[in-house]
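Worth saying up front: this structure is predicted, and the values here are computed from it rather than measured. Whatever order the structure lists ligands and atoms in, that order sets their numbers, starting from 1. Residue numbers run from 1 in the order of the sequence given.
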Amino acid sequence: MIKLINLSLVLFIFFNLIAFDLIAQPNMTNVYGRRVQSLNGKWDAIIDLYDQGRKNKIYLNKKPENKTDFYEYSFENGLRLNVPSDWNSQLPELKYYEGTIWYGRKFNLVKESKERLFLYFAAVSYRCRIYLNGKEIAQHEGGFTPFQVEITDVAKENDNFLAVEVNNTRRADAIPAMAFDWWNYGGITRDVFLVSTPKVFIDDYFIQLDKTKADKINANVKLSEKLAYSPVTIEIPELQLKQTLKTDAQGEVKTSFIAKEIKHWSPAAPKLYSVKISTQEDQIKEEIGFRNIWVKGEDIFLNGQPIFLKSISFHEEIPQRKGRAFSQADAVVLLSEAKALGCNMIRLAHYPQNEYIVRMAEKMGFLLWEEIPIWQGIDFENESTKEKAGKMMREMVDRDKNRCALAFWGVANETQPSEPRNAFIRHLIATCRAIDTSRLIIAAFDLVRFNKEKQTFVMDDPFTKELDVVAVNKYLGWYDSWPVSPDKAIWDVAKGQPLIISEFGGEALYGKTGEKDVVSSWSEDYQETLYKNNLEMFKHIPNLRGTSPWVLFDFRSPFRFHPTNQDGWNRKGLVSDQGYRKKAWFLMKEYYENK
Ligand code: GCB
């Protein structure tokens with residue numbers, strides 16, 4: 001008996017070690033600034049609704065070798081899918097598909113003996129296993145953050161076969177969980193690269209302006225190996241700053257620069273500096289901006305000046321294509337419309353969006369709020385869900401910590417008070433703080449209610465005190481009817497802290513006219529009234545420091561099944577699915593112009 005228990009214990013530890021080994025490794029910083037070979041393009045694909053592929057080892061990609069051999073699959077001459085892209089928008093029969101699809105492709109490479117090679121996936125939605133030349137080499141869960149795996153020893157010069165098993169089945173322990181108000185796009189939705197590095201390379205760096213000192217730049221650089229006394233040079237040529245330092249026993253250098261002549265980044269003047277980091281073997285370049293942001297009392301200060309956040313949200317979706325946004329060109333489409341509206345900030349809803357969007361937003365002068373998809377219905381009591389969320393947070397903060405546009409890390413959207421929820425969110429805040437203490441922590445709540453005795457809007461959730469900035473989603477005139485007229489709507493919410501209205505709005509089918517006071521008219525006229533009323537109410541929120549209407553574009557969502565007005569779309573967009581501006585867009589633009 002004891003022997004049996006021991007054996008199962010040994011087996012348990014053994015299999016867990018194997019599984020642990022396969023979890024994708026921490027990501028190197030700034031893959032887009034490195035030497036890469038793109039693996040984007042057409043990939044072969046196999047739909048595997050009943051999950052038979054793994055047990056049949058189809059990743060071996062075998063071909064019959066003798067008269068009795070046969071295989072009931074082939075990656076060749078079948079379905080072909082674009083990478084990057086979701087699968088749902090590529091074939092009518094994949095529109096609602098939730099399950100497994102296998103992707104396969106061959107590639108060759110030039111192998112230098114002094115180099116290391118990594119496979120980098122900017123995002124795969126939602127969970128995946130990676131197989132190279134018949135061997136499983138990595139697993140990843142989470143549809144919106146990148147991962148990498150070293151393949152130096154597994155890759156050959158010619159005829160590598162790469163298979164990716166992708167699954168987007170919704171699960172109660174996943175993030176997001178079973179139901180959410182956007183499309184459950186599956187697939188290899190972002191870039192895939194082969195990254196070459198020297199043996200010892202610049203693995204990570206964090207270079208940003210000091211949180212409080214306007215002329216002090218802090219810089220940390222970490223090598224891929226724990227190599228001491230290795231010289232690392234950090235340069236900002238335009239500011240005539242340069243230092244060469246020796247690494248400590250951890251292979252790290254930490255330093256700071258005083259830059260009296262620095263021009264701070266801001267939405268009005270999004271100045272970026274070219275920064276160069278080099279070692280004897282490696283070199284990497286980046287465009288980095290310098291600004292600081294902090295909270296004092298009820299105000300938010302950017303570079304020492306109080307700021308009002310004129311924000312907007314969008315999903316990572318091109319409505320006209322009915323699919324995920326993934327390219328630089330897509331980023332321009334989405335962000336240009338936010339620019340035209342007069343925004344100085346984007347709330348990237350509800351998950352980390354691709355790096356083209358983040359980097360382009362920084363260049364165009366938008367502050368950013370980035371969040372992981374902790375969206376209603378998360379299993380806060382599940383330890384493994386908590387671990388997963390922490391990992392997502394780490395992957396997001398690590399990817400974007402050098403982007404000065406990043407002002408807010410979002411830790412939750414619409415959660416209800418409970419001890420497990422508090423512990424869960426505290427874990428996310430601690431995970432974030434372990435990497436970055438300079439950004440503001442924010443969460444969006446939907447608990448504001450009208451207190452009849454006080455004739456005031458109030459919110460009870462003591463957790464708000466643990467945040468730098470409090471945000472509220474409130475749909476007055478849509479989900480909630482007005483308990484008082486908008487000019488009498490007094491707010492007493494998160495007193496002593498800055499407050500952002502992170503969502504408000506209502507649905508309108510583009511081109512539909514109707515009675516301007518009837519919600520169910522689904523008309524642009526009613527949506528305009530709703531905006532008028534909310535903008536009036538905002539005058540009575542003393543600590544209001546920003547607004548973010550929901551939402552810039554109509555977006556696809558199976559949540560929305562009114563046959564004529566919605567038809568699988570959330571119609572709260574200020575811009576229609578065809579790219580036309582609705583009446584409320586112009587009202588919002590005027591509001592932002594005058595702010
Ligand atoms: C919300 C959610 C957002 C939804 C929106 C709506 O509160 O945060 O994801 O899409 O409401 O349209 O109901």
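- In this structure, CD1 in I346 is found 9.0 Å from CG in L334, a value given to the nearest 0.5 Å.
- Ring centroids of Y356 and Y32 are separated by less than 6.0 Å, placing the two rings close together.
- For the pair K386 and F380, the NZ or CZ position fails the cation-pi test of under 6.0 Å to the six-membered ring centre and within 45 degrees of the ring normal.
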Might you work through the side-chain hydrogen bond (donor to acceptor under 3.5 Å, both in side chains) test for S557 and N570, ending with a clear yes or no?
CA-CA 6 Å; S557 170; N570 182 317; 5.8 Å; no
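- Heavy atoms from other residues, nucleotides or ligands lying under 6.0 Å from NZ of K388 number more than 12.
- Residues lining ligand 1 at a heavy-atom distance below 4.0 Å are given as D181, H350, W375, N413, E414, N473, Y475, Y479, E503, W550, F555, R560, N570, K572, ordered by chain and residue number.
- For the residue pair N184 and E98, a side-chain donor N or O sits within less than 3.5 Å of a side-chain acceptor on the partner.
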